[in-house]
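Only one structure is covered here, and it is reproduced in the block below.
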Amino acid sequence: MTSTPIITLTSDFGRASPYVAVMKGVILSINPAACIVDLTHDIRPQDIRHASYILGTAAPYFPPLTIHVCVVDPGVGSERAAICARADPHYFIGPDNGVFTNVFREHMPPNWIRRLTEPSFWRKNPPSDTFHGRDIFAPVAAHLSRGADSARLGPELMEPVLLPMHSAITFGNRWQGEIQFVDDFGNLITNIPASGVTSLPVKVSVGGRSLGVVRWVRTYSEAKAGELVSLFSSDGFFEIAQVKENASTKLNISAGTPVELEWD
Amino acid sequence: MTSTPIITLTSDFGRASPYVAVMKGVILSINPAACIVDLTHDIRPQDIRHASYILGTAAPYFPPLTIHVCVVDPGVGSERAAICARADPHYFIGPDNGVFTNVFREHMPPNWIRRLTEPSFWRKNPPSDTFHGRDIFAPVAAHLSRGADSARLGPELMEPVLLPMHSAITFGNRWQGEIQFVDDFGNLITNIPASGVTSLPVKVSVGGRSLGVVRWVRTYSEAKAGELVSLFSSDGFFEIAQVKENASTKLNISAGTPVELEWD
Amino acid sequence: MTSTPIITLTSDFGRASPYVAVMKGVILSINPAACIVDLTHDIRPQDIRHASYILGTAAPYFPPLTIHVCVVDPGVGSERAAICARADPHYFIGPDNGVFTNVFREHMPPNWIRRLTEPSFWRKNPPSDTFHGRDIFAPVAAHLSRGADSARLGPELMEPVLLPMHSAITFGNRWQGEIQFVDDFGNLITNIPASGVTSLPVKVSVGGRSLGVVRWVRTYSEAKAGELVSLFSSDGFFEIAQVKENASTKLNISAGTPVELEWD
């Protein structure tokens, strides 16, 4: 494949457990030349939506042929499928539980998806009932990074599991959407596209509660500490922030909360 | 040594201090081709038992000749020895304070152990009294990864410090053991081998308190949210979990708590 | 440049956001051979002083030609300059807001500094108003790591922004300084050089409150758990620690608190 095969890892394993290290060991044992990049291991426990947002945002910036492995897998050991998808120009490996929703929907609909049913690409057979990251996902990624033929991974799967997502919708001078992500600073990133907000500033309601007209700034540095402002996020969405404070905890707002924008 | 020398790092340095970065800089200054892998830097402060469990679990998955460096070192600057051990097929470098107990006991008794007394492998002589990770362990690992002769590291040490470990023991239809690890989800992993639990489900007591017969499941997905269940961990031990909750905080149980299993 | 170009990343992005991963993807897309090392992403939000301390402490340990990228950037999108500095033997890329104060002052005054005004080294033009890490700093670092001519980055800048720093000063048998860093263990590292403390032990006052004569130890292991001691830090500063406890929270002392030492 590429001269430097890149494998990224995303999980909810946290930091004090051995699970991330175990997956790295498994990958390097199969392909010592792999370049392993941690996307994050601080996905909120079993929060498939969080994982989907992170992957959908970060994956497109990686080089062609990067292999993205995601292990946020509350259904491990059940009948949920294990999959590998090719969504040009990348590969995605993980459980078929919706973690790739943002990737498939917004950025790069998959060229193909295969169920991972071929044990010769696994670490052992049968795999553990509780840790497919170690026994299936990591070894499949490592074999793929060494040039394994993806057609041999297993049969095609036509209908992947997708999370129900509320698209933002507009009615003339109004937008309805939701908070799609709260970042580590507590900034509230909506799913309303910046390009659709054609008049500024706007009246903002969050969770049914009016915040009034929220001043729009081009950048945080235009506002005073503590000021509630709106701006366009680096990913091109309408964002609400309290400068040098945590808007999420101050306003008690989390991902999934409905948002409404209105202007005259 | 290998074409891609791998050095893993385990410490209790946390994330906001410069110490991990300093060690990486020291290693890369001696061997820019080293592939450095973080096992974890979130070992609980000075918790040698936690470090020993993580290393014992994760190290075996790495390729032959991997060099594992551990800096959980409350006795730094005292008379405790600094050591390098060869435990086929890996190397282990760190303080002689018990951090390698799980590695030496369970997985791969050491072929040899040497005291690190040869200053030509150190960063400076004398080393700092408070940071042997930077001045001894990291540079020794880097030199070893470049092919330094391990016989020159220092004299052999025959009796490494080992943590007192309660082995799990069985009496017919009963097992006595302890919680050996609480993972980031709060799941309680005992030291009772799954293969020894020959009748299911079993009555469980933890810390002298009976939990009654705890339902056994093959996988988390077979249980309801909030249900207390038992299962076999991915490492082959008897495990107690509260599905989508934190059993450790809910039941107020930590590592070292005695566990008893009984069946009819 | 070097056979293995090394790029380090320092930020306040935390762990659950996609921003760190996005920067890694941008770098690897331009230079797949780059070796990316995380210094830390747990700089306290927008704490320029914290970032400056970490960089000043860790950067000198890296090999020549390492490129250090820092994104602690509360003024992103304002008129603050984006810069690249050569401070032998390293490069530093980030905002001109004082994050490189410790690097420039203490360790290696810069050979030159250039404003990053040349869009052909950016990811896109115009860059985002809120994420120069992705659009300017990461791509400039990646191009530089591939051998781009630094003279083409932009015009020279003569007077970088520097944080006001209180140097420690001495009057005969007294030192006045401040806590310059609190590490993850809660140890208090002053800016008073160990080499200047010529009589031991000393009377210590912190924040105007006397701690009396604090016993000096060569290493933590010489003290009992819970004992308040002083020692010389691994970086050569006078340090106050409470053994196996967190001195910062116990004594309610943070970075910037004045410290005074006195002896007879």
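To find a chain, count down the sequence lines: A is the first, B the second, and so on, and within it residues start at 1.
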Q) Quick one: what part of A:S233 sits under 4.5 Å from any heavy atom of chain C, side chain, backbone, both or neither? A) backbone

Q.
Taking the basic N atoms (NZ, or NE/NH1/NH2) and the acidic carboxylate oxygens, is any pair closer than 4.0 Å for C:D73 and C:R80?
A. yes

Q) Which atoms of C:R123 come close to chain A, meaning under 4.5 Å heavy atom to heavy atom: side chain ones, backbone ones, both, or neither? A) side chain

Q | Which portion of C:S128 sits near chain A, non-hydrogen atoms under 4.5 angstrom | A | side chain

Q | Top contributor to chain A contacts, counting heavy-atom pairs under 4.5 Å, from C:R134, C:M23, C:Q46 | A | C:R134

Q: Name the option with the most non-hydrogen atom pairs under 4.5 Å to chain A; the candidates are C:P74, C:P18, C:P45.
A: C:P18

(Q) If I measure from the heavy atoms of chain C, does A:Y53 come under 4.5 Å with its side chain, its backbone, both, or neither? (A) side chain

Q) Should the ring pair C:F92 and C:H68 be called parallel, tilted or perpendicular, given that the plane angle runs from 0 to 90° and is split at 30 and 60? A) parallel

Q | C:T57 and C:D235 side chains, donor-acceptor separation under 3.5 Å | A | no

Q.
Set out, in order, the CA-CA distance, both residues' side-chain angles and the distance that settles side-chain contact (heavy atoms from CB on, under 4.5 Å) for C:V140 and C:W122, then state yes or no.
A. CA-CA 6 Å; C:V140 166; C:W122 302 352; 4.3 Å; yes

Q | Residue among A:T10, A:D12, A:V182, A:I43 satisfying side chain to side chain contact (heavy atoms under 4.5 Å, CB included) with A:H50 | A | A:I43

**Q.** Heavy-atom proximity to chain A below 4.5 Å, by part of C:V22
**A.** both

**Q.** For chain C, the option from A:R218, A:H41, A:R44, A:E239 that forms the most heavy-atom pairs under 4.5 Å
**A.** A:R218

**Q.** C:N97, C:N102, C:D47 screened by side-chain hydrogen bond (donor to acceptor under 3.5 Å, both in side chains) with C:S52, the one that passes
**A.** C:N102

